[in-house]
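Atoms within each ligand, like the ligands themselves, are counted from 1 in listed order. Every heavy atom of this structure was used, including side-chain atoms; hydrogens, water molecules and symmetry mates were not.
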Amino acid sequence: MRDAHHVTVMTGAGVSAESGIPTFRDAMEGLWARFDPMQLATPEAFAANPELVTRWYDHRRMMCAACDPNPAHETLTHMQRVFTSSGCRFTLITQNVDRLHQRAGSDPVIELHGSLFMWRCTGCGRSTEQTGVAFETYPPTCEACGGCLRPGVVWFHEMLPEEAIGAAQQAAGACDVFLSIGTSSMVYPAAGLVGAAHTRGARTAEINRDETPISGSVDWHLRGAAGRILPALAESLSDSPKDF
Ligand code: APR
């Protein structure tokens, strides 16, 4: 990393776990262990029961708004600033929809799966930022046309935002170091980015509490909590020319 000209980082739900936000696939506490994603996180589910789906996503929005960034987010913000100020490109990509990277000060952030805080009208297509209190009625309605609002997240069976996945693929192909942090590496195309980086000659590392499908193919598998390993990684860089 000290000699890198371009560092690309991709994060998943594990980065927000220490902020109190449940991941998706953790055996006991994961969202998909407690809820059926096909009943909540698909366009078909929304069409069948817009009240249930919007109520669930708005509940998650309010829960995320009540959580705070943890040392993993804060360290990535610090890294983005230090690498950028020393002339090294630093691209932060996330699958998370909780906006904690932005609240920690990271900017820009490529949101592959959208955000709980952006809602879109299914009638007129208007997108609005929702950062205040919970909606009063479900499904919420568009102030402009009265249409039904949906969360601005990517559901299963949906395409990722073209601009986001394009920028992420470009950054994966151009970087010389790729870090995959806190993701089970099971959902594509996000999970394919580390392979794209490796193919183009980047050194790859994974920070994860557990083994994942990429643990055996990355150059370094750093086992443990992101909130502990990332500050230690930044500390280990602190004697580098970049003033960490
Ligand atoms: N530090 C590091 N890794 C952690 C921590 C932690 N504190 N806590 C959990 N993990 C790891 C888990 O071991 C797991 O490998 O983070 C990963 C979280 O995996 P998932 O719950 O599958 O979340 P994610 O990889 O982000 O899911 C990808 O799937 O359902 C879709 O759209 C959803 O964006 C999500 C996508």
Side-chain angles (χ1 to χ4, degrees), residues 9-46 53 56-57 60-61 63-64 67-76 92-102 104 109-118 150-161 164-165 168 178-195 204-218 220-234:
V9 175
M10 186 183 69
T11 64
V15 160
S16 296
E18 291 158 87
S19 294
I21 296 177
T23 64
F24 292 94
R25 293 174 182 81
D26 279 346
M28 298 306 288
E29 292 305 312
L31 287 177
W32 300 150
R34 292 180 285 143
F35 301 99
D36 176 359
M38 294 304 122
Q39 298 301 316
L40 290 165
T42 66
E44 295 80 11
F46 175 71
V53 170
W56 188 67
Y57 275 92
R60 286 180 60 203
R61 172 172 72 94
M63 185 193 59
C64 290
C67 293
D68 294 316
N70 68 62
H73 299 104
E74 290 156 358
T75 304
L76 288 169
L92 178 57
I93 305 162
T94 190
Q95 299 173 88
N96 299 340
V97 293
D98 56 34
R99 282 274 162 96
L100 287 184
H101 284 303
Q102 292 90 332
V109 178
I110 298 174
E111 292 181 316
L112 286 181
H113 294 165
S115 164
L116 291 168
F117 296 87
M118 288 306 292
R150 60 157 284 178
V153 300
V154 178
W155 280 326
F156 291 103
H157 315 151
E158 288 191 318
M159 300 296 283
L160 273 62
I165 189 62
F178 188 97
L179 297 184
S180 173
I181 308 174
T183 177
S184 59
S185 295
M186 290 171 70
V187 174
Y188 285 78
L193 293 172
V194 64
T204 57
E206 175 185 41
I207 296 173
N208 200 301
R209 205 195 46 196
D210 301 317
E211 289 274 320
T212 74
I214 67 167
S215 300
S217 53
V218 290
W220 295 278
H221 172 70
L222 307 176
R223 173 68 62 85
R228 181 180 62 77
I229 291 184
L230 275 167
L233 179 59

Is the backbone N or O of D210 less than 3.5 Å from a side-chain atom of N208, with the two atoms forming a donor-acceptor pair by type?
-> yes
Scan for side-chain hydrogen bond (donor to acceptor under 3.5 Å, both in side chains) pairs involving residues 180-190, sequence neighbours excluded, and state none if there are none.
-> Q95-T183
List the atom of T23, the atom of A17, and the distance in Å for their closest heavy-atom pair.
-> CG2-CB, 4.0 Å
Under 30°, 30 to 60°, or over 60°: which ring-plane class applies to H73 and H101, parallel, tilted or perpendicular?
-> perpendicular
Where is the tightest heavy-atom contact between S16 and N70, given as atom of each residue plus distance?
-> CA-ND2, 4.0 Å
For ligand 1, what N or O to protein N or O distances fall under 3.5 Å?
from     : atom 1 : to   : atom 2 : distance (Å)
ligand 1 : 1 (N)  : A226 : N      : 2.9
ligand 1 : 3 (N)  : R209 : N      : 3.3
ligand 1 : 7 (N)  : E18  : OE2    : 2.9
ligand 1 : 13 (O) : N208 : OD1    : 3.0
ligand 1 : 13 (O) : D210 : OD2    : 2.7
ligand 1 : 15 (O) : N208 : OD1    : 3.3
ligand 1 : 15 (O) : N208 : ND2    : 3.0
ligand 1 : 16 (O) : G182 : O      : 3.3
ligand 1 : 19 (O) : S184 : N      : 3.3
ligand 1 : 21 (O) : F24  : N      : 2.7
ligand 1 : 21 (O) : R25  : N      : 2.8
ligand 1 : 22 (O) : R25  : NH1    : 2.7
ligand 1 : 22 (O) : S184 : OG     : 2.6
ligand 1 : 25 (O) : T183 : OG1    : 2.7
ligand 1 : 25 (O) : S184 : N      : 2.9
ligand 1 : 25 (O) : S184 : OG     : 3.3
ligand 1 : 26 (O) : A13  : N      : 2.8
ligand 1 : 27 (O) : R25  : NH1    : 3.0
ligand 1 : 29 (O) : R25  : NH1    : 3.0
ligand 1 : 29 (O) : R25  : NH2    : 3.2
ligand 1 : 30 (O) : R25  : NH2    : 3.2
ligand 1 : 30 (O) : W32  : NE1    : 2.9
ligand 1 : 32 (O) : H113 : ND1    : 3.4
ligand 1 : 34 (O) : Q95  : O      : 3.3
ligand 1 : 34 (O) : H113 : ND1    : 2.8

Taking D36 for the side chain and M38 for the main chain, is one N or O donor matched with an acceptor at less than 3.5 Å?
-> yes
